[in-house]
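Comments concern the structure below.
Note that this is a predicted model, so its numbers are computed, not measured. Just so it is clear, the values below take in all heavy atoms, side chains as well, and ignore hydrogens, waters and symmetry mates.
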Amino acid sequence: MGCVKMFVFILALNILTVNVIDSSSVASSSTDAKAEPLQPETAQVEAGSAENTTSDSIFFHHTFEQMVALMFEVNRACPEITRVYNLSEPSVQGRNLTVLEITENPGVHEPGKPEFKYIGNMHGNEVVGKELLLYLMVALCEEYKKGDDLARFIVSQTRVHILPSMNPDGWQAAYKELQEKGEVGWLTGRSNANGVDLNRNFPDLNAEIYQHEQEHKGRNNHLMKVEKAIATDKSLQPETKAVMRWLAQIGFVLSANLHGGDLVANYPYDETRSGKSQEYTASPDDHTFVYLSNSYAYYHRTMANPDRVPCDKNGGNNPITNGGLWYSVSKGMQDYNYLNTNCFEITLELGCEKFPPASKLEQYWLDNAAALFNYILQTHIGVKGYVKSSENAPIANAEIKVGNLASGLPIEHDILSLKDGDYYRLLADGYYRISAHADGFHPSFYCVHIVNTIRVGEPTTDMAAAPELNFTLTPNTKPRPDDREEMMTCESLWSEVQHETQLDDRDLLVSILSYLDPTTKWSVIANRLTTDELYYFLVEELKKLNPTEREEILHMMPRAVQEQLYTALAASMK
């Protein structure tokens, strides 16, 4: 993995000490809807201490007051690259959802610089993520000041937002039980102060997207208006509303939600299509989500170790899992991110213990540090760029569509350009056709070969932002631009991918069947079917389409497969 440099960095943090700040310097519980910076000197909070903090070590369980105080300490240590702000609503009991932003020129979105977020402590009794995010803040500040290449790349090229505790009320309930009983129950503090599990409280958009898949029509992204949903859905909790508004305000590209109780990286979809309690439920970006999950799991010290003891003796020790295959979750934050914003989010289970003793926190940091940094770097995979008009005006809300050149099929998940026309499309390695579409303009497209190389431990010269792919759109009142040259590039890349992958007919047939009928797990049952039987089932699915739709699908396939299917269709319709 080439992590010598990261090992030195972790070792440096291992001996890092910080001053425990007096609680009088912590911000008050204001409800700042515009997420303005806070002024710690105006604060008033109740005193509190998670445990004996006479030592200067950072590795202890921080109370809410100590957590926010540490965030301001980092802000004071690195004022030029940090900002502290609150989300629009506090918790049920009035505690702020406080965020630390770390970037050069904090407080504004810079076009071309992607936005990243970490969220911890959504379940209040799952505390490891909260603590790790505090240590991460300190590490980024300290290493940036020292001139560390990795920290400087992240801070200069990424706008990082860290919300260490989404459920401070739940944390308080769990900590109270720890003080009273010496241990924390498996469910104590999991929910917010209203008894609601925040990871079951977001709008359920899965049913809508699954219906759109079946009908092959309707939006595949940004499915609902946030303020309308907040106004009409009275079940939404203040913590949920705050995060929904946050996601609508900032064009996040990548995110991870830190949990505890197991050791695995979990990726969408969380809610199964069929309603079964356990079933692999792939999103259109399944390939990329697997890539992202592995980018964390394989940089964690033990998550990808096949010999590690599983948390559940009857369970597995796989490093990554599809959410639906693990267990179906409706109204989760992970699927909401994907279906209503541009943001790709995974859920990280960071260990078997939800509320481990403070003596173990240092080891948790050492286990996770490289993975936490490596995952931030993945904000720079795929492509990014700008969508502008032929008059050089930025085009907001342009749809960025992607197709897989190997199969010829579209990836049915579009993202939207931001107000400055900038877009960021995360993609795993592969060959793609990428196009930009906007009302009133002719679409434009390119074909590209994506090879992602950004990861912790690589030489500094390889640490680079995603390549730019810019689109200039011509108004449809003017003639459509000549795209023959780009068509030739696409044909050349298509030939290259066919040669490199030697795509098997069976793989292609399974891919198309999964696209046409996502409710059937074709990747599993294909092992029990002959190639002729796969052709039969594909023909049956094609017959359900109208002639125009059928031709569009057939046109995207290799000629040999087209001929086979045309012959089979003709025979079946006699």
Side-chain angles (χ1 to χ4, degrees), residues 25-28 30-40 43 62 67-90 95-121 129-130 132-145 148 150-166 168 239 242-258 337 341-343 345 372-373 375-380 418-420 422 424 465:
S25 65
V26 186
S28 64
S30 65
T31 57
D32 183 0
K34 294 184 179 180
E36 294 294 331
L38 303 180
Q39 300 301 321
H62 292 73
M67 175 190 76
V68 179
L70 180 58
M71 296 168 77
F72 277 110
E73 180 74 0
V74 173
N75 176 238
R76 284 192 289 270
C78 291
E80 74 282 6
I81 62 165
T82 62
R83 179 177 72 116
V84 182
Y85 66 94
N86 289 332
L87 299 192
S88 56
E89 281 94 348
R95 295 179 176 89
N96 280 326
L97 303 187
T98 303
V99 180
L100 183 78
E101 175 189 340
I102 306 178
T103 189
E104 291 182 354
N105 193 24
V108 296
H109 171 72
E110 295 184 41
K113 180 187 286 189
E115 309 263 1
F116 175 91
K117 64 180 165 72
Y118 271 132
I119 296 179
N121 206 204
K130 169 193 161 192
L132 294 185
L133 294 181
L134 293 177
Y135 312 154
L136 178 64
M137 296 173 187
V138 175
L140 274 170
C141 170
E142 290 292 316
E143 295 305 308
Y144 180 86
K145 289 196 299 183
D148 175 77
L150 175 61
R152 285 196 167 267
F153 175 84
I154 287 174
V155 172
S156 66
Q157 299 298 320
T158 322
R159 191 180 180 203
V160 178
H161 305 253
I162 300 176
L163 173 61
S165 181
M166 182 180 166
E239 298 91 344
V243 170
M244 288 172 63
R245 287 188 165 120
W246 190 33
L247 301 187
Q249 178 188 15
I250 296 176
F252 290 111
V253 176
L254 182 62
S255 172
N257 178 16
L258 279 54
N337 268 267
T341 79
N342 286 340
C343 188
E345 179 170 279
L372 286 166
F373 275 82
Y375 189 71
I376 296 174
L377 291 179
Q378 305 318 302
T379 316
H380 301 282
L418 305 181
K419 66 177 182 178
D420 295 298
D422 51 326
Y424 312 85

- Task: With rounding to the nearest 0.5 Å, note down the distance linking CD in Glu143 to CZ in Phe373.
- Result: 7.0 Å
- Any side-chain heavy atom of Leu418 sitting closer than 4.5 Å to one from Asn342? yes
- For the pair Tyr375 (side chain) and Ser255 (backbone), establish whether a donor and an acceptor sit closer than 3.5 Å, ignoring hydrogens and angles. yes
- Pairing residues for Glu239 by the salt bridge (charged side-chain N to carboxylate O under 4.0 Å, His left out) criterion, not counting sequence neighbours: none
- Task: State whether the side chain of Asp148 and the backbone N or O of Leu150 hold a donor-acceptor pair below 3.5 Å, judged by distance alone.
- Result: yes
- Item | Partners passing salt bridge (charged side-chain N to carboxylate O under 4.0 Å, His left out) against Lys130 (at least two apart in sequence or in another chain) | none
- Item | Nearest-0.5 Å distance, OH of residue Tyr85 to CG of residue Asn96 | 13.0 Å
- Query: Is the backbone N or O of Pro164 less than 3.5 Å from a side-chain atom of Asn121, with the two atoms forming a donor-acceptor pair by type?
  - Reply: no
- Applying side chain to side chain donor-acceptor pair (under 3.5 Å), name anything that partners Thr341, two or more places apart in sequence or on another chain. none
- Minimum heavy-atom distance between Gly107 and Glu101, given as atom pair plus value: N-OE2, 2.8 Å
- Note on the structure: Minimal heavy-atom distance between Pro111 and Asp422, with the atoms involved, is CA-OD2, 3.5 Å
- Item | From Ile376, Leu254, Thr379, Asn337, residue fulfilling side-chain contact (heavy atoms from CB on, under 4.5 Å) relative to Lys117 | Asn337
- So how far is it from Leu372 CG to Tyr118 OH, rounded to the nearest 0.5 Å? 4.5 Å
- Query: Do you see a donor-acceptor pair shorter than 3.5 Å between the side chains of Tyr144 and Glu104?
  - Reply: yes
- Which of these passes side-chain hydrogen bond (donor to acceptor under 3.5 Å, both in side chains) with Thr103: His109, Arg83, Lys113, Arg159? Lys113
- Message: Can you confirm whether more than 12 heavy atoms, excluding those of Lys419, are under 6.0 Å from its NZ atom?
- Response: no
- Query: Say you draw a straight line from CG of Leu163 to OG1 of Thr98; how long is it, rounded to the nearest 0.5 Å?
  - Reply: 8.0 Å
- Task: Answer yes or no: is there a side-chain heavy-atom contact under 4.5 Å between Val138 and Leu70?
- Result: yes
- Item | Test item: Thr158 side-chain N/O and Val155 main-chain N/O as donor-acceptor pair under 3.5 Å | no
- Message: Contact between Met71 and Leu134 at the side-chain level, heavy atoms closer than 4.5 Å - yes or no?
- Response: yes
- Query: From Gln157 CD over to Glu110 CD, what is the distance, rounded to the nearest 0.5 angstrom?
  - Reply: 9.5 Å
- Note on the structure: Taken to the nearest 0.5 Å, the spacing of Glu73 CD from Met137 CE works out to 13.0 Å
